Amino acid sequence: MEIRKIKGTKDILPDETEIFLAAEKVLRETMIKYGYREIRIPTFEQTELFKKGTGVSTDIVTQQMYSFTDRGERNISLRPEGTPSVVRAYLENNLHKKRLFQKFFYYGRMFRQESPQSGRLREFNQFGIESIGSLSPQIDAETIILGLEVLRNIGLKRIEIHLNSIGCDKCRPSYKKSLKEYLKPKLNILCNDCKRRFNANILRVLDCKRETCRKELQNSPVSIDYLCDECKNHFSKVKELLQKSNVSFTLNPYLVRGLDYYTKTVYEFISPVLSAQDAVGGGGRYDRMIELFGGPPIPAIGFACGMERILLAVEKEGGEKRKKEKLDCYIATMDDKTDEEGFLLLNNLREKGLSCEKDFLNRSLKAQMKDANRLGADFVVIIGPEEMEKNEITIRMMSDSSQKRIEFSVDAIVKEIR
RNA sequence: GUGGGCGUAGCUCAAUCGGUUAGAGCACUGGACUGUGGCUCCAGAGGUUGUGGGUUCGAUUCCCAUCGCUCACCCCA
């Protein structure tokens with residue numbers, strides 16, 4: 001086999017597909033329960049959308065997008081995340097003129113050209129929500145509570161919530177300024193990456209994982225001390241609502257998300273059982289994006305979760321194995337003539353709604369029985385020459401090995417199985 | 001892009017200091033049971049040891065290159 005899958009992509013084989021399907025069903029049900037409605041957005045968009053939405057200073061846009069020029073000389077990118085598309089669709093379809101407040105969720109594949117490692121692929125599945133139109137701290141709390149419930153419903157037991165507020169356009173500049181002043185004299189102690197971040201996006205220095213850098217950050221100014229009154233009140237209300245809703249969280253002043261558009265509340269859902277890539281989901285407010293896209297000043301908040309990471313964490317927690325699909329009936333045959341009868345019966349039983357299978361390799365009866373067992377068949381219908389002569393079949397109940405001869409008719413067989 | 005680890009049967013893994021025919025479990029096929037699954041026993045099939053080169057009397061083992069996978073940094077879901 002010389003053609004192999006592309007690095008960072010994954011074949012999801014039937015056993016695993018069933019796990020995905022189960023999780024997808026659960027997450028849709030949960031979203032709908034909270035009043036979110038599914039939106040399906042294109043897999044690729046104009047590159048410009050992500051430059052503007054996700055942000056030109058992010059790693060995603062500068063180095064991770066699958067971008068190409070199509071035959072019409074248009075610059076196109078496979079979506080690296082969902083939020084800019086949802087906002088685009090929201091404005092392009094004039095949804096903001098229909099209702100003041102709307103809630104969406106999406107589910108689908110995202111693409112980012114990064115080095116793959118545990119919990120990180122180049123093509124991966126994300127689901128996310130976007131709650132557009134309300135500045136209420138209740139919505140911040142709702143999204144966090146919803147995220148927590150979705151993750152739990154999918155089967156995650158241990159989830160930690162990290163919470164922070166990074167302020168708004170009014171208060172963040174003064175915070176950045178004092179952080180800069182604090183770090184400037186320490187610049188030569190910091191790692192090379194942090195030196196780069198110091199100029200590119202100083203907030204990112206905060207979540208450097210190097211011991212030496214962390215040490216220097218111990219007494220650094222934190223964003224919550226610099227919040228303006230509006231942001232401060234908003235954040236305390238969010239915290240209060242979560243506490244009153246019995247949602248425990250950790251305040252993490254070093255939580256700075258890598259996307260440009262966040263304002264006020266930011267958070268991450270973290271699984272303690274995962275290794276380096278331990279955030280199964282993350283999100284926050286992006287109150288300026290809709291205006292940035294040419295719409296009215298409408299606030300919004302949302303999060304995104306990575307399916308593969310969640311399922312990895314569920315597995316590591318020792319989550320329950322899904323039980324395999326049952327087969328109602330397996331048809332075993334003996335020679336050419338009975339085999340053809342078997343094929344016709346197969347179709348007739350399926351028409352009656354039964355899941356049904358037979359052998360297509362002319363295998364021995366013994367092999368067919370083994371196959372039936374492997375497939376988890378409840379019943380085996382055996383058609384042999386002896387049965388054919390009397391216009392009968394043998395029906396065997398696999399659970400207790402009992403079997404009997406009955407009339408060879410679809411109705412009689414269906415009656416036995418039901 | 002940088003660094004570490006690993007490539008042996010379908011899968012999970014052995015193989016002593018470099019030693020002659022590369023093994024085991026599971027899975028698979030057949031038989032014991034000639035028209036009957038699971039349990040047991042017996043037998044069988046299955047390998048370019050990732051690929052190419054080098055060292056050596058001899059390489060799965062050592063060296064080089066290359067491809068692939070994986071983990072970590074960066075960043076994110």
Side-chain angles (χ1 to χ4, degrees), chain A residues 1-10 13 54 57-64 79-83 107-128 147 151 191-194 196-197 200-201 204 207-210 213 255-259 268-271 274-283 302-313 327 330 332-335 338 359 361 363-388 394-403 405:
Chain A
M1 191 58 197
E2 54 191 28
I3 300 181
R4 310 176 61 93
K5 67 177 178 293
I6 288 182
K7 186 196 274 286
T9 63
K10 212 175 118 182
L13 305 180
T54 309
S57 81
T58 60
D59 287 2
I60 290 178
V61 168
T62 55
Q63 31 185 315
Q64 297 175 0
R79 59 183 184 198
E81 62 146 341
T83 303
Y107 175 81
R109 302 177 187 232
M110 305 295 164
F111 307 84
R112 293 181 198 173
Q113 189 168 355
E114 300 179 81
S115 259
Q117 66 189 66
S118 181
R120 190 160 69 200
L121 293 159
R122 289 184 171 176
E123 180 183 18
F124 58 101
N125 288 281
Q126 255 188 2
F127 62 86
L151 294 170
C191 69
N192 286 335
D193 285 321
C194 283
R196 181 178 54 77
R197 295 187 190 110
N201 186 351
R204 299 227 54 88
D207 60 3
C208 185
K209 282 154 196 133
R210 281 173 209 275
C213 297
L255 173 61
V256 180
R257 311 225 353 112
L259 280 62
E268 280 184 358
F269 301 104
I270 290 175
S271 165
L274 291 182
S275 47
Q277 314 303 326
D278 61 354
V280 293
F303 67 68
C305 292
M307 272 297 256
E308 285 80 1
R309 262 182 214 182
I310 294 167
L311 297 178
L312 191 65
L327 185 68
Y330 188 98
T333 60
M334 309 277 304
D335 56 24
T338 57
D359 167 73
L361 300 173
R363 282 188 285 187
S364 67
L365 181 60
K366 190 187 183 74
Q368 292 180 71
M369 292 302 292
K370 270 184 123 158
D371 206 28
N373 188 55
R374 203 167 11 218
L375 293 170
D378 289 332
F379 292 87
V380 173
V381 167
I382 300 167
I383 313 173
E386 281 176 34
E387 284 89 345
M388 281 294 284
T394 297
I395 185 162
R396 180 178 178 91
M397 196 153 115
M398 295 297 272
S399 56
D400 63 3
S401 300
S402 65
Q403 65 182 48
R405 291 279 192 94

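Predicted model, so just to flag it, every value in this text is computed and none were measured. Each chain gets a letter, A, B and so on, in the order its sequence line appears, and its residues count up from 1.
Look at the P atom in both B/A65 and B/C75: the space between them is 31 Å, to the nearest Å. A distance of about 41 Å separates the P atoms of B/C64 and B/A27, rounded to the whole Å. B/G18 and B/G58 have their C1' atoms separated by 8 Å, given to the nearest Å. B/A15 and B/A9: their P atoms are spaced 15 Å apart (whole Å). Nucleotides B/A45 and B/A59, compared at atom P, are 27 Å apart to the nearest Å. The P atoms of B/U12 and B/C73 are separated by 25 Å, rounded to the nearest whole Å. Nucleotides B/U55 and B/A14 are separated by 31 Å at their P atoms, to the nearest Å. The same atom, C1', is picked in B/U56 and in B/C63; the two are 12 Å apart, to the nearest Å.
Using a 4.0 Å heavy-atom criterion, one finds that A/Gly119 contacts the bases of the nucleic acid, with or without backbone contacts as well. At a threshold of 4.0 angstrom between heavy atoms, the contacts of A/Gln403 include nucleobase atoms, whether or not backbone atoms are also involved. A/Ile310 comes within 4.0 angstrom of nothing in the nucleic acid, heavy atoms only. Residue A/Ala372 is classed as having no contact, given no heavy-atom separation below 4.0 Å to the nucleic acid. Among the heavy atoms of the strands, none lies under 4.0 Å from A/Gln63.
Scanning all heavy atoms of the two residues, the minimum distance from A/Asp335 to A/Pro385 falls at OD2-CG, 3.5 Å. Scanning both residues, A/Phe269 and A/Gly282, for their nearest heavy atoms gives CD1-N, 4.4 Å.
The aromatic rings of A/Tyr107 and A/Phe127 lie parallel to each other, their planes meeting at an angle below 30°, with 60° marking the opposite boundary.
Contact check, A/Ser275 against B/A72: a side-chain N or O comes under 4.0 Å of OP1 or OP2. For the pair A/Gln277 and B/C73, the criterion of a side-chain N or O lying under 4.0 Å from OP1 or OP2 is met.
Only one option out of A/Arg122, A/Gln113, A/Arg112, A/Glu114 pairs with A/Gln64 in a side-chain hydrogen bond (donor to acceptor under 3.5 Å, both in side chains); it is A/Glu114. Evaluated for a side-chain contact (heavy atoms from CB on, under 4.5 Å) with A/Met369, the options A/Met398, A/Arg363, A/Arg374 yield exactly one hit, A/Met398.
Residue whose closest nucleotide on RNA chain B sits further toward the 5' end, between A/Gly281 and A/Ile383: A/Ile383. Along RNA chain B, the nucleotide nearest A/Arg396 and the nucleotide nearest A/Ile60 are compared for position; the residue whose nucleotide lies closer to the 5' end is A/Arg396.
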Contact pattern, 5' to 3', of nucleotides 25-34 of chain B - B, S or - by protein heavy atom under 4.0 Å: ---SS---B-

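For A/Lys10, the salt bridge (Lys or Arg N to Asp or Glu O under 4.0 Å) partners at least two apart in sequence or on another chain are A/Glu16.
Consecutive pairing runs in RNA chain B reach the stem threshold at B:1-7 with B:67-73, B:10-13 with B:23-26, B:28-32 with B:40-44, B:50-54 with B:62-66, where a stem means at least three Watson-Crick or G-U wobble pairs with distances under 3.5 Å.
Residue A/Gln64 places no side-chain atom within donor-acceptor reach of the base of B/C74, judged by atom type and a 3.5 Å distance cut-off alone. Under 3.5 Å, the side chain of A/Arg120 and the base of B/A77 form no donor-acceptor pair of N or O atoms. Not a single donor-acceptor pair, N or O on each side, falls under 3.5 Å between the base of B/U36 and the side chain of A/Gln368. For A/Glu387 and B/G35, a side-chain-to-base donor-acceptor distance below 3.5 Å is present, hydrogens and geometry of angles not being considered.
The residues A/Lys5 and A/Glu123 are annotated as not salt-bridged, no charged nitrogen and carboxylate oxygen being separated by less than 4.0 angstrom.
Here the side chain of A/Arg309 pairs a donor or acceptor atom with the backbone of A/Gly119 at under 3.5 angstrom.
Under 3.5 Å, the side chains of A/Gln403 and A/Thr394 contain no donor-acceptor pair of N or O atoms.
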